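So the structure is just underneath, and the comments pick up after that.
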Amino acid sequence: MNAATFQEEALKLERLLYRISYSMLSNNEDCADAVQEALTKAWQGRDSLRNQRSFRVWLTKILVNTCNDMLRKRKKRNWLLLQEDTILVSPPETEDNGMEQALGGLSPEHRAVIVLHYLEGYKVREIAQILSIPSGTVKTRLLYARTSLQKRMRQDKREEGGNKHEKA
């Protein structure tokens, strides 16, 4: 794959890559780093791509692996205590804040399959290839994640209903 073709194909997938990385990392800076690192790895390993039609799945797999590496490193980081004069900045409010919170409650493994399948439209077979797991595991994770999201939504509705009655 030459540089022009690689760049053209990568640009087509730019928004997809950012959505996937943000769904896994929930941090704009880490998201940008993950996408950049994944594109660099893909460019360096472009000769390993056997079929150009598989570029989307191949690049997504590289990105997911990069995000998982970043999540592992994040767990190992030593967190510094903030000084009292440190200003805390909260993330911007988005339209899908409820969905973001619900997805944030899932483990990275379950969040990844939900995002890839329902938000990005990947097939179970493609997700299995991206995550290097059996298709049956993808289906199980989807089932578990859907069940978990449904429970969370029911709980949120009950809490909202209780709050409305308290205000009356």
Side-chain angles (χ1 to χ4, degrees), residues 1 5-6 8-77 91 94-159:
M1 179 179 284
T5 304
F6 182 90
E8 182 181 324
E9 293 299 315
L11 284 173
K12 288 179 190 175
L13 300 174
E14 185 178 26
R15 294 189 78 204
L16 168 76
L17 298 174
Y18 276 95
R19 283 193 310 264
I20 291 170
S21 64
Y22 189 81
S23 72
M24 293 181 72
L25 301 171
S26 302
N27 177 300
N28 287 323
E29 290 80 20
D30 288 347
C31 169
D33 289 346
V35 170
Q36 184 65 44
E37 188 173 333
L39 287 170
T40 301
K41 287 177 182 178
W43 173 251
Q44 291 169 345
R46 67 190 179 280
D47 294 333
S48 69
L49 179 63
R50 292 184 187 99
N51 182 350
Q52 195 168 335
R53 289 181 293 169
S54 300
F55 184 78
R56 179 176 175 247
V57 171
W58 177 75
L59 184 54
T60 303
K61 181 175 184 167
I62 293 170
L63 176 67
V64 167
N65 289 336
T66 301
C67 290
N68 284 330
D69 289 345
M70 291 177 79
L71 288 169
R72 276 190 290 279
K73 288 176 186 174
R74 191 185 281 178
K75 285 181 182 178
K76 292 180 182 179
R77 263 190 226 157
T94 62
E95 292 178 21
D96 293 334
N97 198 26
M99 176 60 87
E100 252 180 61
Q101 285 179 334
L103 288 173
L106 296 174
S107 70
E109 295 84 14
H110 293 102
R111 186 173 41 236
V113 295
I114 287 289
V115 169
L116 291 171
H117 186 67
Y118 291 108
L119 301 180
E120 303 306 335
Y122 284 93
K123 296 178 175 127
V124 170
R125 177 182 41 77
E126 293 173 321
I127 297 169
Q129 185 180 356
I130 290 167
L131 300 177
S132 301
I133 58 176
S135 294
T137 303
V138 173
K139 291 175 186 177
T140 301
R141 288 181 184 178
L142 283 169
L143 176 64
Y144 177 86
R146 281 192 306 262
T147 303
S148 180
L149 287 171
Q150 286 173 344
K151 285 179 186 176
R152 183 176 295 264
M153 290 171 63
R154 284 189 201 117
Q155 182 180 356
D156 289 349
K157 282 185 180 181
R158 275 188 254 130
E159 288 174 2

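Quantities reported herein were computed from a predicted structural model and do not represent experimental measurements. We use all heavy atoms of the structure for the numbers below, so side chains are in, but hydrogens, waters and symmetry mates are not.
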*Could you go through the side chain to side chain contact (heavy atoms under 4.5 Å, CB included) check for E37 and I62 one step at a time?*
CA-CA 9 Å; E37 188 173 333; I62 293 170; over 6 Å; no

Give, for atom [atom1] of [X] and atom [atom2] of [Y], the distance between the pair rounded to the nearest 0.5 Å.
X	Y	atom1	atom2	answer
M70	S21	CE	OG	8.5 Å
R111	S26	CZ	OG	5.5 Å
S148	L143	OG	CG	11.0 Å
I20	C67	CD1	SG	8.5 Å
L116	L131	CG	CG	6.0 Å

Closest non-hydrogen atom pair between [X] and [Y], with its separation:
X	Y	answer
I130	K61	O-CG, 2.9 Å
L25	A34	CD1-CB, 3.8 Å
Q52	T5	NE2-CG2, 3.0 Å
A128	P134	CB-C, 4.0 Å
W58	S48	NE1-OG, 3.7 Å
D30	N27	N-OD1, 2.9 Å

Using side-chain heavy atoms (C-beta onward) and a distance below 4.5 Å, is [X] in contact with [Y]?
X	Y	answer
R19	L119	no
M24	V115	no
H117	V138	no
R141	S107	no
Y18	R15	no
T60	L13	no

Only counting residues at least two apart or in another chain, list the ones meeting salt bridge (Lys or Arg N to Asp or Glu O under 4.0 Å) with [X].
X	value
E9	K12
E126	none
R152	none

*Is there a side chain to side chain contact (heavy atoms under 4.5 Å, CB included) between L142 and V124 once you walk through the steps?*
CA-CA 9 Å; L142 283 169; V124 170; 4.2 Å; yes

*For Y144, enumerate each residue passing the ring-ring contact (aromatic ring centres under 6.0 Å, His included) test, keeping only those at least two apart in sequence or located in another chain.*
H110

*In this structure, are over 12 heavy atoms from other groups packed under 6.0 Å from K139 atom NZ?*
no

*So, does R125 use its side chain to make a donor-acceptor pair with the main chain of S135 at under 3.5 Å?*
no

*R56 to Y122 six-membered ring, cation-pi geometry met (6.0 Å, 45°)*: yes

*With D69 via side chain to side chain donor-acceptor pair (under 3.5 Å) - residues at least two apart*: R72

*Can you name the side chain to side chain contact (heavy atoms under 4.5 Å, CB included) partners of Q36, sequence neighbours left out?*
T40

*Does the pair L39 and L63 meet the rule for a side chain to side chain contact (heavy atoms under 4.5 Å, CB included), with working shown?*
CA-CA 8 Å; L39 287 170; L63 176 67; over 6 Å; no

